*Asks:* 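Quick one: the structure is below, and I'll ask about it shortly.
Model, not experiment: these values are computed from the prediction. Below, read A as the first sequence line, B as the second, and so on, with proteins coming before strands; counting in each chain starts at 1.
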Amino acid sequence: MANFKDWLKETFKALSPARVGEYIQESQVYRSIFRVGVPDSDRKRMLVMLGNVFLHLHPVKVRKSGIRMRYTWCMGGITFFLFLSLTFTGLLLMFYYRPTLEYAYVDIRDLREQVPLGIMREIHRWGAHAMVIAVWLHMYRVFMTGSYKPPREFNWNVGVILLVLTLLLSFTGYLLPWDQLAIWAITVGSNMARATPFAGHEGPGSALLKLGDIAFVNNQSDMRFALLGGRFVGEAALLRFYVLHCVGLPLVAGFLMAIHFWRIRRDGGISGPL
Amino acid sequence: MFIKDFINAITAPYFLITAAAILLLVSLKYPDKFYTSKSGAIVFACMFGFLGISVLDPNFRLIVTKADNVPIVGMLFLVPFFTWFALREAVRNDKRIAEGKPLVEQEETADKVLTWPDLVYTELICMVVLTVVLIGWSMALQAPLEEPANPSSSPNPSKAPWYFLGLQEMLVYFDPWLAGVVFPGLIIVGLMAIPYIDTNPKGNGYFTLRERRWEITTFLFGFLILWILLVILGTFLRGPNWNFFGPYEFWDIHKLEALVNVNLSEYIWVKGLGMGLPKNPIIREIFGFLVVLGYFLLIPPLLAKTWLKRFYQTLGPIRFHVMTFLLLAMTALPIKMVLRWLFNLKYIIGIPEYFFNI
């Protein structure tokens, strides 16, 4: 009986969560994934930053003043996180959405009415609005702390392009629901391209670009036509915006983000007083 | 009722923009009076109070609670908050500099901490909070979906996506080729030029106002007044036919606003000289051309000799002329606004035959 009691005790001990955790951490599978193990010493805390592909975006050590919320406002990080959330929810939305005049609107309506737990479009839309605001505030913070000054001039420029790309991503996405709000917002926005100097058929100077009676810049060859793939916001515009929104612009933005983050490190980390 | 009419009246663009610009400039002149914890508390209490009482008004509620406008209400609070926050930090640092003490940031610059856990955990918490906020927001508020697209019936007002409403608001004062193409292009170019124009080595990596008064004033005027305020104006206060509507006013499609705008050429040829307009558009608009060319070509050298002499000396001719061109392009908007409000001026140069209107 005593033996059984001891055996029970031993078994119970061996199966306690702490011990199970240890078994797992000592297993070959776990060690193959997480080389360092639980970062419980400073040495391991450094190694984990070096060994993990996601964490190695960061340096091992950072200035205390540089990571204060009251200094960074966390806006760059929030922007990046929102970009990731938008990529994820956008991917899910692509399962349900077909960019044609026939299906675009009904697919969006079905997302709301038929798809279980259908808040992906909400997360995507509100996340997109939030990202625009977060990018503005990030730029605001970088300006107010003078962080664009040497040696970070180039990274500020990359940031400005990323800001423009964020607006373009949001703009191209605005058309996709294909409702009255979408089509008319894009019509108002893209009408501006008609007035591009020299390159829009209602822009100054375009009337000069003609040979005899043949005008080079008309409503079928101007900037707006290039943007919409047609003379009005129609099927071609929908497809064009869809491809730009889902593939073209995110690729460019991702590429530039890699440069942006890399340059933060190369230019001496988060800015601070010298 | 009287209060509502009063607020409807003072939110008219000419008053709102002027008052905001004056408030901004005065507050930057006396930052230690305006950007304190106490003043912040008072302003934000007033803003929340205003919003809380105003949503009782049905017309106000209709516009503010429109699903797509909710983030802009958020921005209406976030941007002033961060403005106040940044300038309060700046005031604190400026005081420290004056007293010869190290900056707030400097006290911890030498301190290096391990990224794991100090930064990684902050990021994790931030991500969790943001996820919760996003999901909560998405469950509470449905994304808008209107009638299916119908190319033959345009809604009134037709508005661009909200972040471009500053540009759409500019259309009141400038033609599309300027408001929709040239100015957005110049905004991007101007932002990218900032680090190369601003050669002031001070204020790198900490909040300060006194060491960078000129840069900060210029940027805040552009960002807060000419961008954020115009976005808000375009979102909440522009209704059918892009007419102005006060926050408690019903968006009546039939509201008429008399168009009495007059071109500069008519002012001079018809009213000034008492002649008819010349046939040749170049001669007709000759005064407009002179004004615009003078604005961009004569003012920079004049500034280099007088008001901005110190900039000309420190920046050198190229930087100085790029800077003054961008500055003059930026101030062209408030100048045109004031001319419109005071004199009903439509175009300085008006050649609609060639779509060349300024």
*Asks:* Report, as yes or no, whether the 6.0 Å neighbourhood of atom CZ on B/F77 holds more than 12 heavy atoms from other residues, nucleotides or ligands.
*Replies:* yes
*Asks:* By a 4.5 Å heavy-atom criterion (distance strictly below it), what part of B/V133 contacts chain A: side chain, backbone, both, or neither?
*Replies:*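 Contact with chain A is absent: no heavy atom of B/V133 under 4.5 Å.
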*Asks:* Considering only heavy atoms, which portion of A/W178 lies under 4.5 Å from any heavy atom of chain B: side chain, backbone, both, or neither?
*Replies:* both
*Asks:* Once rounded to the nearest 0.5 Å, what's the spacing between atom CG of A/D179 and atom CG of B/N150?
*Replies:*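 Here the rounded value is 12.0 Å.
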*Asks:* What are the two closest heavy atoms between A/M139 and B/F219, and how far apart are they?
*Replies:* CE-CZ, 3.9 Å
*Asks:* Out of curiosity, A/M75 CE to B/L78 CG, how far, rounded to the nearest 0.5 Å?
*Replies:*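 Nearest 0.5 Å value for the CE-CG distance: 6.5 Å.
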*Asks:* Measure A/F171 against the heavy atoms of chain B and call it side chain, backbone, both or neither at under 4.5 Å.
*Replies:* both
*Asks:* The test is side chain to side chain contact (heavy atoms under 4.5 Å, CB included); show your working for B/Y196 and A/N157 and say whether it passes.
*Replies:* CA-CA 10 Å; B/Y196 305 102; A/N157 278 292; 3.1 Å; yes
*Asks:* Identify which part of A/D42 has an atom lying under 4.5 Å from any heavy atom of chain B, answering side chain, backbone, both or neither.
*Replies:* both
*Asks:* With respect to chain A, which residue among B/I135, B/L141, B/D118 yields the maximal number of heavy-atom pairs within a distance under 4.5 Å?
*Replies:* B/L141
*Asks:* Relative to chain B, which segment of A/M49 carries a heavy atom at a distance below 4.5 Å: side chain, backbone, both, or neither?
*Replies:* side chain
*Asks:* Please examine the side chains of B/F164 and A/L167, heavy atoms only from C-beta on, and report whether any two atoms are closer than 4.5 Å.
*Replies:*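 Yes; the side chains approach each other to less than 4.5 Å.
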*Asks:* At their closest point, which heavy atom of A/S147 faces which heavy atom of B/N204, and how far apart are they?
*Replies:*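 Heavy atoms only, the tightest pair is CA-OD1, 4.3 Å.
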*Asks:* Tell me if a side-chain donor or acceptor on B/Y163 pairs with a main-chain N or O of A/H129 at a distance below 3.5 Å.
*Replies:* no
*Asks:* With a 6.0 Å cut-off (strictly less than), is the heavy-atom count around CD of B/E107, excluding the residue itself, greater than 12?
*Replies:* yes
*Asks:* Looking at A/A185, A/G234, A/G159, which makes the most heavy-atom pairs under 4.5 Å with chain B?
*Replies:* A/A185
*Asks:* Relative to the ring of B/W162, is the ring of A/W136 parallel (under 30°), tilted (30 to 60°) or perpendicular (over 60°)?
*Replies:*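 It falls in the perpendicular class, over 60°.
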*Asks:* Do B/V113 and A/I67 have side chains that get closer than 4.5 Å, going by heavy atoms?
*Replies:* yes
*Asks:* Evaluate the side-chain proximity of B/L171 to A/M192: yes if any heavy-atom separation is below 4.5 Å, no if none is.
*Replies:*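 SC-SC contact between A/M192 and B/L171 confirmed.
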*Asks:* Calculate, to the nearest 0.5 Å, the distance between atoms CD1 and OG belonging to A/I186 and B/S158 respectively.
*Replies:* 12.0 Å
*Asks:* Side chain from CB out, backbone as N, CA, C, O: work out which of these in A/I119 comes under 4.5 Å of a heavy atom of chain B, or both, or neither.
*Replies:* both
*Asks:* Going by heavy atoms in the side chains, are B/K159 and A/V188 under 4.5 Å from each other?
*Replies:* no
*Asks:* Flag the one option from B/G180, B/S138, B/A179, B/G203 with the top tally of heavy-atom pairs under 4.5 Å to chain A.
*Replies:*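 With the most close heavy-atom pairs to chain A, the winner is B/S138.
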*Asks:* Check whether any side-chain heavy atom of A/Y140 lies under 4.5 Å from a side-chain heavy atom of B/L220, and answer yes or no.
*Replies:*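 Side chain of A/Y140 against side chain of B/L220, heavy atoms only: contact under 4.5 Å found.
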*Asks:* Counting distance only, does the side-chain N/O of B/E105 pair as donor-acceptor with the main-chain N or O of A/S271 below 3.5 Å?
*Replies:* no
*Asks:* Looking at every non-hydrogen atom in both residues, tell me the closest pair between A/P197 and B/W177 and how far apart they are.
*Replies:*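 Here A/P197 and B/W177 meet closest at CG-CE3, 3.7 Å.
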*Asks:* At a 4.5 Å cut-off on heavy atoms, which part of A/V60 comes close to chain B: side chain, backbone, both, or neither?
*Replies:*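 For A/V60, heavy atoms of backbone and side chain both lie under 4.5 Å from chain B.
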*Asks:* Between B/F356, B/Y354, B/F207, B/W227, which has the largest tally of heavy atom pairs under 4.5 Å with chain A?
*Replies:*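 The answer is B/F207.
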*Asks:* Measure distances from A/Y174 to the heavy atoms of chain B and classify the residue's part below 4.5 Å as side chain, backbone, both or neither.
*Replies:*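 Side chain only.
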*Asks:* Please look at A/R68 and chain B and tell me whether the side chain, the backbone, both or neither of the residue comes under 4.5 angstrom of a heavy atom of that chain.
*Replies:*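 Interface part for A/R68: side chain.
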*Asks:* What's the separation between atom NZ in A/K61 and atom CG in B/D111, rounded to the nearest 0.5 Å?
*Replies:* 10.0 Å
*Asks:* Under a 4.5 Å cutoff for heavy-atom pairs, which residue among B/E215, B/E211, B/E147, B/K112 has the most contacts with chain A?
*Replies:* B/E147
*Asks:* I'd like to know whether CZ of A/R112 has more than 12 heavy-atom contacts from other residues, nucleotides or ligands below 6.0 angstrom.
*Replies:*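 More than 12 heavy atoms, drawn from other residues, nucleotides or ligands, come within 6.0 Å of this atom.
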*Asks:* What residue, out of A/Y71, A/W156, A/F143, has the most heavy-atom pairs lying under 4.5 Å from chain B?
*Replies:* A/F143
*Asks:* Closer than 3.5 angstrom, by distance alone: can the side chain of A/K149 be matched with the main-chain N or O of B/K202 as a donor-acceptor pair?
*Replies:*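 Here the side-chain-to-backbone pair exists.
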*Asks:* At their closest point, which heavy atom of B/R212 faces which heavy atom of A/Y148, and how far apart are they?
*Replies:*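 That would be NH2-OH, 3.1 Å.
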*Asks:* Less than 4.5 Å to any heavy atom of chain B: does that hold for the side chain of A/S170, its backbone, both, or neither?
*Replies:* both
*Asks:* Which value, rounded to the nearest 0.5 Å, describes the distance between A/L86 atom CG and B/L134 atom CG?
*Replies:*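 It comes to 8.0 Å.
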*Asks:* Heavy-atom pairs under 4.5 Å with chain B: which of A/W73, A/W126, A/F232 has the most?
*Replies:* A/W126
*Asks:* Taking B/L103, B/T208, B/I188, B/T122 one by one, which has the highest count of heavy-atom pairs under 4.5 Å against chain A?
*Replies:*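 Top option by heavy-atom pairs under 4.5 Å: B/I188.
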*Asks:* Where on A/V160 is there a heavy atom nearer than 4.5 Å to chain B: the side chain, the backbone, both, or neither?
*Replies:*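 Contact with chain B involves the side chain of A/V160 alone.
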*Asks:* Is there a side-chain contact between B/L87 and A/M144 in this structure, where contact means two heavy atoms from C-beta onward sitting under 4.5 Å apart?
*Replies:* yes
*Asks:* For a 4.5 angstrom cut-off between non-hydrogen side-chain atoms, does A/R141 reach B/F82?
*Replies:*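 A side-chain contact under 4.5 Å is absent here.
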*Asks:* Taking atom types as modelled, find out whether B/W116 and A/H58 have a side-chain donor-acceptor pair closer than 3.5 angstrom.
*Replies:* no
*Asks:* Is there a side-chain contact between A/Q180 and B/S153 in this structure, where contact means two heavy atoms from C-beta onward sitting under 4.5 Å apart?
*Replies:*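 Yes. Closest side-chain heavy atoms under 4.5 Å.
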*Asks:* When you measure from the side chain of A/E122 to the backbone N and O of B/M139, does any donor-acceptor pair fall under 3.5 Å?
*Replies:* no
*Asks:* Between A/M69, A/K44, A/R70, A/E153, who has the most heavy-atom pairs with chain B when the cutoff is under 4.5 Å?
*Replies:* A/R70
*Asks:* Taking all non-hydrogen atoms of both residues, which atom of A/W184 and which atom of B/P151 are closest, and how far apart?
*Replies:* CZ2-O, 3.4 Å
*Asks:* If you count heavy-atom pairs under 4.5 Å with chain A, which of B/L209, B/T115, B/T83, B/N93 comes out on top?
*Replies:*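 Looking at each of B/L209, B/T115, B/T83, B/N93 in turn, B/T115 comes out on top.
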*Asks:* Going from CG on B/L145 to CG on A/L111, what distance comes out if it is rounded to the nearest 0.5 angstrom?
*Replies:*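 Interatomic distance, B/L145 CG to A/L111 CG, rounded to 0.5 Å: 9.5 Å.
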*Asks:* Heavy-atom count around B/F289 CZ within 6.0 Å, excluding the residue itself: above 12?
*Replies:* yes
*Asks:* Grab the two heavy atoms, one from B/P117 and one from A/R45, that are nearest each other, plus how far apart they are.
*Replies:*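 The pair with the smallest heavy-atom distance is CD-CD, 3.9 Å.
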*Asks:* Below 4.5 Å, heavy-atom pairs only: which of A/C74, A/A193, A/P204, A/G146 has the largest tally toward chain B?
*Replies:*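 Ranked by contacts with chain B, first place is A/P204.
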*Asks:* Looking at A/M223, I want to see if its CE is surrounded by more than 12 non-hydrogen atoms of other residues, nucleotides or ligands under 6.0 Å.
*Replies:* no
*Asks:* What part of B/N200 is in contact with chain A, defined as an atom under 4.5 angstrom from a non-hydrogen atom: side chain, backbone, both or neither?
*Replies:* both
*Asks:* Can you tell which part of A/I78 gets under 4.5 Å to a heavy atom of chain B, answering side chain, backbone, both or neither?
*Replies:* both
*Asks:* Using modelled atom types and a 3.5 Å cut-off, is there a donor and acceptor pairing between side-chain atoms of A/R125 and backbone atoms of B/D68?
*Replies:*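 Not at all, since once roles are kept as given, no pair shorter than 3.5 Å links the two residues.
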*Asks:* Name the region of A/L55, side chain, backbone, both or neither, that has any atom closer than 4.5 Å to a heavy atom of chain B.
*Replies:*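 Just the side chain, heavy atoms under 4.5 Å.
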*Asks:* Considering only heavy atoms, which portion of A/I161 lies under 4.5 Å from any heavy atom of chain B: side chain, backbone, both, or neither?
*Replies:* side chain
*Asks:* Treating A/S65 as the side-chain partner and B/Q106 as the backbone partner, does any N or O pair qualify as donor plus acceptor under 3.5 Å?
*Replies:* no
